[in-house]
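Chain letters run A, B, ... following the sequence lines, proteins first, then strands; residues in each count from 1. These figures come from a predicted structure and were not determined experimentally.
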There are 2 protein chains.
Amino acid sequence: MSDRPVQPRPGRKRSEESRLAILTAAFELIAEVGYAGLTIEGIAARSGTGKQTIYRWWPSKADVLMDAMATKAELYVPIPDTGSYAADLRAFLEASFTLARRPAVADGLRALMAEAQIDAAFGERFRASFLRPRRDALGIVLERARSRGELPPGLSPGAIADIVFGTIWYRLLATRRLPDDRLVEELVTALTEPGLEEPS
Amino acid sequence: MSDRPVQPRPGRKRSEESRLAILTAAFELIAEVGYAGLTIEGIAARSGTGKQTIYRWWPSKADVLMDAMATKAELYVPIPDTGSYAADLRAFLEASFTLARRPAVADGLRALMAEAQIDAAFGERFRASFLRPRRDALGIVLERARSRGELPPGLSPGAIADIVFGTIWYRLLATRRLPDDRLVEELVTALTEPGLEEPS
DNA sequence: AAATGAAGACGAGACGTATCGATTCGAAAG
DNA sequence: CTTTCGAATCGATACGTCTCGTCTTCATTT
């Protein structure tokens, strides 16, 4: 017999109002004081809730921020399907760059990736619920291209994903120059079989 | 008349012994307790020095770690010059990967990049004294290739640098799969003019 | 009755500053 | 050359502050 893990006995329902107030406060505070100045107590005060309400539902402030990013910013995952690998890749890059160019999103992503390095348990959650879905989305695009024989010889889907996401993250984390349209074209150039790009 | 700005009055000389003890302690502690568990007080205790001695010479524990990495690990910056762009690029990648594959180095780099996101002032120092020299080294390699007309059309040196370092850092930070020799070849494939690679 | 809510007290731990007496260097004085 | 003396360092530790995460209280909701 497994003791009932979920479905706690009656009680009171989780307050959706408090949940949104906490996420909103976190999203606003990160822009005002930065991640270093973000504290659980600050989020509780700003949202008009108690610390325990936050600790009850989120394991750490990074998880609150990750939740806030997903809820307040619209971090959709694009899976373009135009019929051409080059066009799909370009569309994926443009959609990703458009997101990363929003300053609040860029700041939040930097903080999440940083915390993932320092807090190993959060790192697991970040990779599983944020990084992996995006990598899988590009994986679908690349698998379609591979089955059509459009991938450049000598380049595996895994390496292409490393290059695509690596370049985006490097611009965010290291150079702090947000990715631009020129970089889209250069990545497409590097990752596309020359001569087959754009039938036109 | 300029009042003597430099040349401080006599005083006592900085203790090289203490300096090394502090860097050694930091390098050992990061492997034992991780960056999250690394504290100034812990470094002081392990090194047999006082907190003030650390605060007098380093602005933050991240700076101590960056110094320790540079001193204890040998983070040389390769600038290969074989006469061929493809071979230079391959040599640069292999040298960089060899460094990044050392677990203590990989852990330290992850911590430094993370702290650079959270502490803006340290971020400046990290970019100026760690990232920029390595990017400049690759820049020299790429400039030689450009002057020989070996760079693929449509790929600027800046984009190539973004792709090279981006891919390395992404493997370190996001996938935590250390870069391997296969990735070297795939990067060379993506960043080399097909057909001109390796005159054989 | 039971789980939730806001509010806040609490101890632990790390930060960064300040201060102490002792030590060590360099320059000036003898 | 020797002595003296000021300055900056050293190890060590006290101090106040901050944040964390837990725990407690009491009211509210189902």
Side-chain angles (χ1 to χ4, degrees), chain A residues 3-26 29-30 32-65 67 111 114-115 118-122 125, chain B residues 3-26 29-30 32-65 67 111 114-115 118-122 125:
Chain A
D3 47 327
R4 320 284 231 73
V6 238
Q7 290 290 4
R9 289 290 174 192
R12 183 179 175 177
K13 270 183 187 157
R14 175 174 183 181
S15 165
E16 177 70 4
E17 194 179 4
S18 294
R19 187 184 141 265
L20 284 178
I22 288 166
L23 296 180
T24 301
L29 279 173
I30 190 74
E32 293 176 23
V33 299
Y35 185 71
L38 187 69
T39 70
I40 296 279
E41 289 174 341
I43 298 173
R46 162 77 65 112
S47 63
T49 66
K51 289 169 60 175
Q52 197 55 254
T53 304
I54 300 178
Y55 280 112
R56 187 167 6 244
W57 298 108
W58 290 275
S60 75
K61 69 175 179 179
D63 291 88
V64 178
L65 180 58
D67 204 343
E115 189 64 36
I118 294 171
D119 179 344
F122 172 74
R125 294 191 290 273
Chain B
D3 48 325
R4 319 287 230 72
V6 239
Q7 292 289 6
R9 290 290 173 192
R12 185 179 173 176
K13 272 186 183 154
R14 175 173 184 180
S15 165
E16 179 71 5
E17 194 180 3
S18 295
R19 188 184 139 264
L20 284 178
I22 288 165
L23 296 180
T24 301
L29 279 173
I30 191 75
E32 294 176 22
V33 298
Y35 185 70
L38 186 69
T39 69
I40 296 279
E41 287 171 340
I43 297 173
R46 162 77 64 112
S47 63
T49 66
K51 288 170 63 176
Q52 200 55 253
T53 303
I54 299 178
Y55 280 111
R56 187 172 4 249
W57 299 108
W58 291 276
S60 75
K61 70 175 178 179
D63 291 88
V64 178
L65 179 58
D67 205 343
E115 189 63 37
I118 293 171
D119 179 343
F122 172 73
R125 295 190 290 273

inquiry  = Could you check whether any side-chain heavy atom of B:P59 comes within less than 4.5 Å of a side-chain heavy atom of B:R125, counting everything from C-beta outward?
reply    = yes

By nearest-heavy-atom nucleotide on DNA chain C, the more 5' of B:S60 and A:Q52 is A:Q52

| message | Mind checking if B:G42 touches a base, just sugar-phosphate, or nothing, with heavy atoms under 4.0 Å? | response | nothing

When rounded to whole Å, the CG to P distance for the pair B:L20 and D:dC10 reads 13 Å

**Study point:** Within 45° cone of B:W57 ring axis and under 6.0 Å: B:R14 NZ or CZ
**Key:** yes

| said: Under the criterion side-chain contact (heavy atoms from CB on, under 4.5 Å), I'd like the reasoning laid out for A:I118 against B:I118: C-alpha separation, chi angles, the key distance, then a yes or no. | reply: CA-CA 11 Å; A:I118 294 171; B:I118 293 171; 4.1 Å; yes

Determine whether any donor atom in the side chain of A:R12 lies under 3.5 Å from an acceptor atom in the base of D:dT28, or the reverse, and answer yes or no.
yes

Rounded to whole Å, the CZ-C1' distance (A:R14 to D:dT30) equals 17 Å

Reckon B:R56 has a side-chain N or O less than 4.0 Å from the OP1 or OP2 of D:dC10? yes

Separation of D:dC20 atom P from A:I118 atom CD1, nearest Å, is 14 Å

Taken to the nearest whole Å, CD1/B:I22 to C1'/D:dC10 is 10 Å

Separation of C:dA3 atom P from A:Y55 atom OH, nearest Å, is 23 Å

Correct closest heavy-atom pair for B:A25 and B:I43 would be CB-O, 3.9 Å

May I ask you to establish whether A:K61 and A:F122 are in a cation-pi arrangement, using a distance under 6.0 Å from NZ or CZ to the six-membered ring centre and at most 45° from the ring axis?
no

Taken to the nearest whole Å, CD/A:E16 to C1'/D:dT30 is 17 Å

Assign each of B:R19 and B:K51 the nucleotide of DNA chain D bearing its closest heavy atom; nearer the 5' end lies the nucleotide of B:R19

Comparing B:S47 with A:P59, nearest DNA chain D nucleotide closer to 5' gives the residue B:S47

Assign each of B:E41 and A:E41 the nucleotide of DNA chain C bearing its closest heavy atom; nearer the 5' end lies the nucleotide of A:E41

In whole angstroms, the gap separating C1' of C:dA27 from NZ of B:K13 amounts to 13 Å

**Prompt:** Side-chain N or O of A:S15 less than 4.0 angstrom from OP1 or OP2 on C:dT4?
**Reply:** no

Report yes if a side-chain nitrogen or oxygen of A:W57 is closer than 4.0 Å to either non-bridging phosphate oxygen (OP1 or OP2) of C:dG5; otherwise report no.
-> yes

To the nearest angstrom, the CD1-P distance between A:I43 and C:dG5 comes to 16 Å

For D:dT19, take OP1 and OP2 only and decide whether either is under 4.0 Å from a side-chain N or O of A:T39.
-> no

Notebook entry, point to check: Any side-chain N or O of A:S18 less than 4.0 Å from the OP1 or OP2 oxygen of C:dA6?
Noted result: yes

